Number of protein chains: 2
Amino acid sequence: MVDRTGHRTVPETPRRTDRLSGPRYGNRPTMKDVAARAGVGLKTVSRVVNGEPGVTPETERRVQESIDALGFRRNDSARVLRKGSTASVGLVLEDLADPFYGPLSRAVEEVARAHGALLINGSSAEDADREQELVLALCARRVDGLVVIPAGDDHRYLEPELKAGVATVFVDRPAGLIDADVVLSDNFGGARDGVAHLIAHGHRRIGFIGDMPGIHTASERLRGYRAAMEDADIQVEDAWISLGVTDPERVRRATEEMLSHPDPVTAVFAGNNRVTVTVIRVLTEQSRQVALVGFDDIELADLLQPGVTVVAQDAAALGRTAAERLFRQLDGTLRAPERIELPTRLITRGSGELPPAD
Amino acid sequence: MVDRTGHRTVPETPRRTDRLSGPRYGNRPTMKDVAARAGVGLKTVSRVVNGEPGVTPETERRVQESIDALGFRRNDSARVLRKGSTASVGLVLEDLADPFYGPLSRAVEEVARAHGALLINGSSAEDADREQELVLALCARRVDGLVVIPAGDDHRYLEPELKAGVATVFVDRPAGLIDADVVLSDNFGGARDGVAHLIAHGHRRIGFIGDMPGIHTASERLRGYRAAMEDADIQVEDAWISLGVTDPERVRRATEEMLSHPDPVTAVFAGNNRVTVTVIRVLTEQSRQVALVGFDDIELADLLQPGVTVVAQDAAALGRTAAERLFRQLDGTLRAPERIELPTRLITRGSGELPPAD
DNA sequence: CTGAAAGCGCTTACAG
DNA sequence: CTGAAAGCGCTTACAG
């Protein structure tokens, strides 16, 4: 639509259905339109839009007037195609709604922002196929880099992408069957310290309720539990260990079973935040006092009676470390893939210092 | 790099620095490379890659072999440019790390996924300038639609974009000075019900501790408080109301002040989740029992002593409703902007049913 | 069934 | 200081 003064006119009412018909993103003006209206060349518009030097003030003014009048905004999709860098990073995690991933995502976002990149976010829902689908969709969009909290344990599908130079860092759990950067919490050491803390407070019969054994964090924490028990020369009984999905029903049943044994555990080590919450519910219903240490901090843990002793990991630090490493890969300052382990911190609040109830 | 059989060779070690120098995204093969290797035309490769009909099995096999050998993956950046739809939606919220936004983001993501779109996520950090910067960056990327939890109260900067047909839905707080779709919780009604609940349990001196008065949700909830008090013919005293930032120090001071008055409040209505948490901390330190109802549910609220009575909003429903409306805008099935209000739910757990301590 | 040409909206490399 | 041409990697419209 061009009126007789040569000005492109924009209809007052947005014609929304147009967006789907043509390739012109609604009907947004392009640099070509701006150039035509201002009576200059395309490259001059590009110079003004990008603040490049070499444009007389008068020309610049004319171009700027044209930009404002048409409501022009540079199409970064086109820019990206030509420049070869999308200035975006992909983050694939288990579930955006899980409070553990909030601070992690935010930390990745902040580092990306400092490098001028946007964040594309996706939840794998702990499904390996969905993880792969998401990761490959992000590769197809040519994100500059990828931060992945893996759901699956076979990442060979990423090999061509890594070869092609897609920067990638795995977080929270290692990559499977490929050599890649990974940033983890010290799950083994954290769990060992938490269990040792219970032992130091007189417990010997200690239960471990954890996530599915296939998950790296779950098996590492179990290994930490076993190491602490072995260090104290305690023979672990099968009935003290329960692994599986972390939904409340399963965890509740496991906890109640463990506590109803003839010779029950006097303390429980909970394998992650979801497990801890359910175990607390069950313990408050018991007549007997049972000590508890949980892996992962939870909100309001200090306000419960007793306060909940936890092994805390620093989710924000995990995200920050991974994202920084990603951008160092992109700088080219990095050589071989590394495995970085972040320390955990035992926070004592009461539940882990309860003596055995005998 | 082409060897003597005409095959493009890929170096074993990824030359990562290459990514930044040229426009070829690392050195990924393109459809042209695939076509050359397979000895077919570009369009034939496009047909195979997109599963279009009209390719003989033998040709398809040759193309597929070439794709696999080269590690080709379609560049969606280029596709997007030509097709005019980026199959992505932008979500701008206050802080990804805030637990309220986790379920909301996830809900938006799920709806986007059902429509084949990815989610680009950004935190405004409650800063109007940063909100605008993010929103406009997303517009430049030509996202198909935008879900915005606004930090600022003037969104006229979005007018050219709306005119150009960018689908937009505001959530949690309304848009400022422009006409746009908005999905809100019934902040007024929820607060009024919560306060009425305290009045029904015998309270007359009820405090209100809320967020900054400029924030829409904060003022609506205060309005609900006032309405409930007026319905009960209670004259509100100035000392019962405290508005401001929600950091723990400010809220703690406000709560303690309110409780140390000669004739102190017997109940507190907390304006949001962050306020509630701090108020709980202060109340547990008091010798006197003070009733509490909080706006927003918080995790473990049922495990505290007493359980925390809250006015819960459904964050996931807010996100889902907004995203669905966004895609209906894109369908073209929507006319005028609307304001949708979602109900809240009073959850009684004990703290709101405590009688006045006299 | 197949493919060459044009084009999406920018930037790059170059010439005037 | 300014701009025409070529190109980024795809898809579209069309011709054979």
Side-chain angles (χ1 to χ4, degrees), chain A residues 8 18-36 38-63 67 70-87 139-142 164, chain B residues 8 18-36 38-63 67 70-87 139-142 164:
Chain A
R8 192 187 155 83
D18 279 12
R19 314 191 67 266
L20 299 173
S21 56
R24 294 244 0 234
Y25 301 94
N27 35 30
R28 303 204 68 147
T30 68
M31 283 192 181
K32 206 172 144 193
D33 298 320
V34 174
V40 300
L42 189 57
K43 177 63 197 169
T44 299
V45 176
S46 174
R47 287 202 179 87
V48 172
V49 168
N50 296 302
E52 287 167 24
V55 183
T56 57
E58 163 56 14
T59 308
E60 172 162 9
R61 199 199 52 70
R62 280 221 321 287
V63 171
I67 287 172
L70 296 177
F72 169 80
R73 180 170 311 284
R74 185 182 65 198
N75 184 336
D76 281 351
S77 278
R79 174 170 230 249
V80 145
L81 176 62
R82 188 63 238 244
K83 299 213 86 151
S85 148
T86 57
C139 288
R141 300 268 173 137
R142 298 292 189 270
Chain B
R8 192 186 155 81
D18 279 11
R19 314 191 66 266
L20 297 174
S21 57
R24 295 243 1 235
Y25 301 96
N27 34 30
R28 303 204 67 145
T30 68
M31 283 193 182
K32 205 171 146 197
D33 298 320
V34 173
V40 300
L42 190 56
K43 178 62 199 171
T44 299
V45 176
S46 174
R47 286 202 179 87
V48 172
V49 168
N50 295 302
E52 288 167 24
V55 183
T56 56
E58 162 56 14
T59 307
E60 173 162 6
R61 197 199 53 71
R62 280 222 320 287
V63 171
I67 288 173
L70 297 177
F72 170 79
R73 180 168 312 285
R74 185 182 66 197
N75 183 336
D76 281 351
S77 277
R79 175 170 227 249
V80 145
L81 177 61
R82 186 64 237 243
K83 300 213 87 151
S85 148
T86 57
C139 289
R141 300 267 173 137
R142 297 294 189 267

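Note that the structure is a prediction, hence the values are computed from the model and not measured. Chain identifiers are assigned alphabetically (A, B, ...) following the order of the sequence lines, protein sequences preceding nucleic acid strands; residue numbering begins at 1 within each chain.
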[N] phosphate, OP1 or OP2: any side-chain N/O from [X] under 4.0 angstrom?
X       : N      : value
A:Lys83 : C:dT12 : yes
B:Ser46 : D:dT11 : yes
A:Asn75 : C:dC8  : no
B:Ser77 : D:dC10 : no
B:Thr44 : C:dG3  : yes

To the nearest Å, give me how far apart [atom1] ([X]) and [atom2] ([N]) are.
X        : N      : atom1 : atom2 : answer
A:Lys32  : D:dA4  : NZ    : P     : 12 Å
A:Phe72  : C:dC10 : CZ    : C1'   : 8 Å
B:Arg79  : C:dG9  : CZ    : P     : 17 Å
B:Asp33  : D:dG9  : CG    : P     : 8 Å
A:Leu42  : D:dA5  : CG    : P     : 12 Å
A:Leu81  : C:dT11 : CG    : P     : 11 Å
B:Arg47  : D:dG9  : CZ    : P     : 21 Å
B:Arg141 : C:dG9  : CZ    : P     : 18 Å

Interatomic spacing from [atom1] in [X] to [atom2] in [Y] - rounded to 0.5 Å:
X       : Y       : atom1 : atom2 : value
B:Lys32 : B:Leu42 : NZ    : CG    : 9.0 Å
A:Arg28 : A:Asp33 : CZ    : CG    : 11.5 Å
A:Met31 : A:Thr44 : CE    : OG1   : 11.0 Å

Nearest to the side chain of [X], which nucleotide is it out of [options]?
X        : options               : result
A:Arg142 : D:dC8, D:dG3, D:dC10  : D:dC10
A:Lys43  : C:dA13, C:dC10, C:dG3 : C:dA13
A:Val40  : C:dT2, D:dG3, C:dG9   : D:dG3
A:Met31  : C:dC10, D:dT12, D:dC1 : C:dC10

Is any side-chain N or O of B:Arg28 under 3.5 Å from a base N or O of D:dG9, one able to act as donor and the other as acceptor?
->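 No, no donor-acceptor pair under 3.5 Å.
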message = Once hydrogens and angles are ignored, does a donor-acceptor distance under 3.5 Å link the base of D:dG9 to the side chain of A:Arg82?
response = no
task: Verify side-chain contact (heavy atoms from CB on, under 4.5 Å) between A:Arg79 and A:Asn50, making sure each step is shown before the conclusion.
output: CA-CA 11 Å; A:Arg79 174 170 230 249; A:Asn50 296 302; 3.4 Å; yes
query: For the side chain of A:Arg62 and the backbone of A:Ala38, is there at least one donor-acceptor N/O pair under 3.5 Å apart?
result: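 Checking the backbone N and O of A:Ala38 against the side chain of A:Arg62, a donor-acceptor pair under 3.5 Å is found.
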Handout entry: Any B:Asn75 side-chain heavy atom under 4.5 Å of B:Thr30 side chain
Key =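 With C-beta onward as the side chain, the pair stays apart.
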Considering every strand and a 4.0 Å limit on heavy-atom distances, what is the contact class for A:Asp76: base, sugar-phosphate, or nothing?
nothing
*asked:* Once you apply a heavy-atom cut-off of 4.0 Å, does A:Arg74 come out as touching a base, just sugar-phosphate, or nothing?
replied: sugar-phosphate
| message | Partner lookup for D:dA4, please. Criteria are Watson-Crick or G-U wobble with both distances under 3.5 angstrom; report none if nothing qualifies. | response |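 Paired with no nucleotide.
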